[in-house]
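Since the structure is predicted, the reported quantities are computational estimates derived from the model, not experimental observations. Chain letters run A, B, ... following the sequence lines, proteins first and then strands; every chain starts at 1.
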Number of protein chains: 2
Amino acid sequence: MIIRLEQSSEQPLYLQIREQVIAAIATGELAVGEALPSVRSLACDLSINLHTVNKAYAVLRDEGYLLMRGRSGAFVADPESHTMQGRGAVEDARMAQELYALALAHRARGGSETEFKDAAAQQAVRAFSE
Amino acid sequence: MIIRLEQSSEQPLYLQIREQVIAAIATGELAVGEALPSVRSLACDLSINLHTVNKAYAVLRDEGYLLMRGRSGAFVADPESHTMQGRGAVEDARMAQELYALALAHRARGGSETEFKDAAAQQAVRAFSE
DNA sequence: GTGTATTTGTTCGTATGTATT
DNA sequence: TAATACATACGAACAAATACA
């Protein structure tokens, strides 16, 4: 798994890691059950502190994307697992809220309902094509 | 314009204000050219500091939703105005990025492309129906 | 016009929490 | 754990604009 960080970005490093891990899971680059690099090794690869990687992993665990088994490391969680269904529902609700806020902002900028639907569909195609 | 803040929310107060002002502009509750309450009066209504309201207004100005004319107050900007077209384009690009990230996260949770499109369409209908 | 009081956004400093090393 | 840098939110004081007698 290759992660690229932008130190000058406004987005915190741990959120950049989170986003790219999610992208890797989505595209299948990281398979269900697969182990992620250790906090230490990834931090070393990225030339950042291990606390920062640890925070990213902790957030991903809280959101249901990862399972962390103490010293044996972090693994990609199975979305079908019963223990994860609840968290997936919470994230789906958060997604709906986000989509609503984006649609409202688009309307406030003078955009149309169709424009928003088209933009969403376009990004969906992008995200699901490999 | 009625704004409700949740002090215990994880979301900063100034972003809660931003979101609700955008919603008011989107639904037409705030018309183009209309004046917003002064930072002081709104801060007093909400029982928060004027700096927090001022920051919310400043962000909305930077994003192109408001025009601020010194001490004469803040006004709803016209999205059709040529000076605002550029900012609208920037926000549209940011929206596309956001949609892409949401779609990827949905896929990582085991969701389908159609599910995402449907969710987006549903929230679009919600946002554009009054 | 003049003087005063009120209202406005801005500038300064401070306290607390978060991000990162 | 400790230390640094930034973000969030607050309070006091300021100077420009406005209202009004």
How do Ile48(B) and Arg40(B) order along DNA chain D: which one's closest nucleotide is nearer the 5' end?
-> Ile48(B)
Separation of [N] [atom2] from [X] [atom1] (nearest whole Å):
{"X": "Arg69(B)", "N": "dT10(C)", "atom1": "CZ", "atom2": "P", "result": "14 Å"}
{"X": "His51(B)", "N": "dC10(D)", "atom1": "NE2", "atom2": "P", "result": "11 Å"}
{"X": "Met68(B)", "N": "dA16(D)", "atom1": "CE", "atom2": "P", "result": "18 Å"}
{"X": "Arg71(B)", "N": "dT10(C)", "atom1": "CZ", "atom2": "P", "result": "7 Å"}
{"X": "Glu10(A)", "N": "dA7(D)", "atom1": "CD", "atom2": "P", "result": "10 Å"}
{"X": "Leu46(B)", "N": "dA9(D)", "atom1": "CG", "atom2": "P", "result": "12 Å"}
{"X": "Leu50(B)", "N": "dA13(D)", "atom1": "CG", "atom2": "P", "result": "14 Å"}
{"X": "Tyr57(B)", "N": "dT10(C)", "atom1": "OH", "atom2": "C1'", "result": "16 Å"}

Phosphate OP1/OP2 of [N]: any [X] side-chain N/O under 4.0 Å:
{"X": "Tyr14(B)", "N": "dT8(D)", "value": "yes"}
{"X": "Lys55(B)", "N": "dA9(D)", "value": "no"}
{"X": "Thr52(B)", "N": "dC10(D)", "value": "yes"}

Tyr65(B) and Arg109(A): side-chain donor and acceptor closer than 3.5 Å?
-> yes
Please check if any side-chain donor atom of Gln11(A) sits under 3.5 Å from a side-chain acceptor atom of Glu6(A), or the reverse.
-> no
Choosing from [options], which nucleotide comes nearest the side chain of [X]?
{"X": "Asn49(B)", "options": "dC10(D), dA19(C), dC14(D)", "value": "dC10(D)"}
{"X": "Val39(B)", "options": "dG9(C), dG11(D), dA19(C)", "value": "dG9(C)"}
{"X": "Ser38(B)", "options": "dG9(C), dT8(D), dA19(C)", "value": "dG9(C)"}
{"X": "Pro12(B)", "options": "dA9(D), dT21(C), dA13(D)", "value": "dA9(D)"}

Any donor-acceptor pair under 3.5 Å joining the side chain of Asn54(B) to the base of dG9(C)?
-> no
Assess Arg107(A) against Phe116(A): is NZ or CZ under 6.0 Å from the centre of the six-membered ring, and within 45 degrees of the ring's axis?
-> no
Is Arg94(A) paired with Glu98(A) through a side-chain N to carboxylate O contact shorter than 4.0 Å?
-> no
Would a 4.5 Å heavy-atom cut-off, applied to side chains only, mark Phe75(B) and Leu36(B) as touching?
-> no
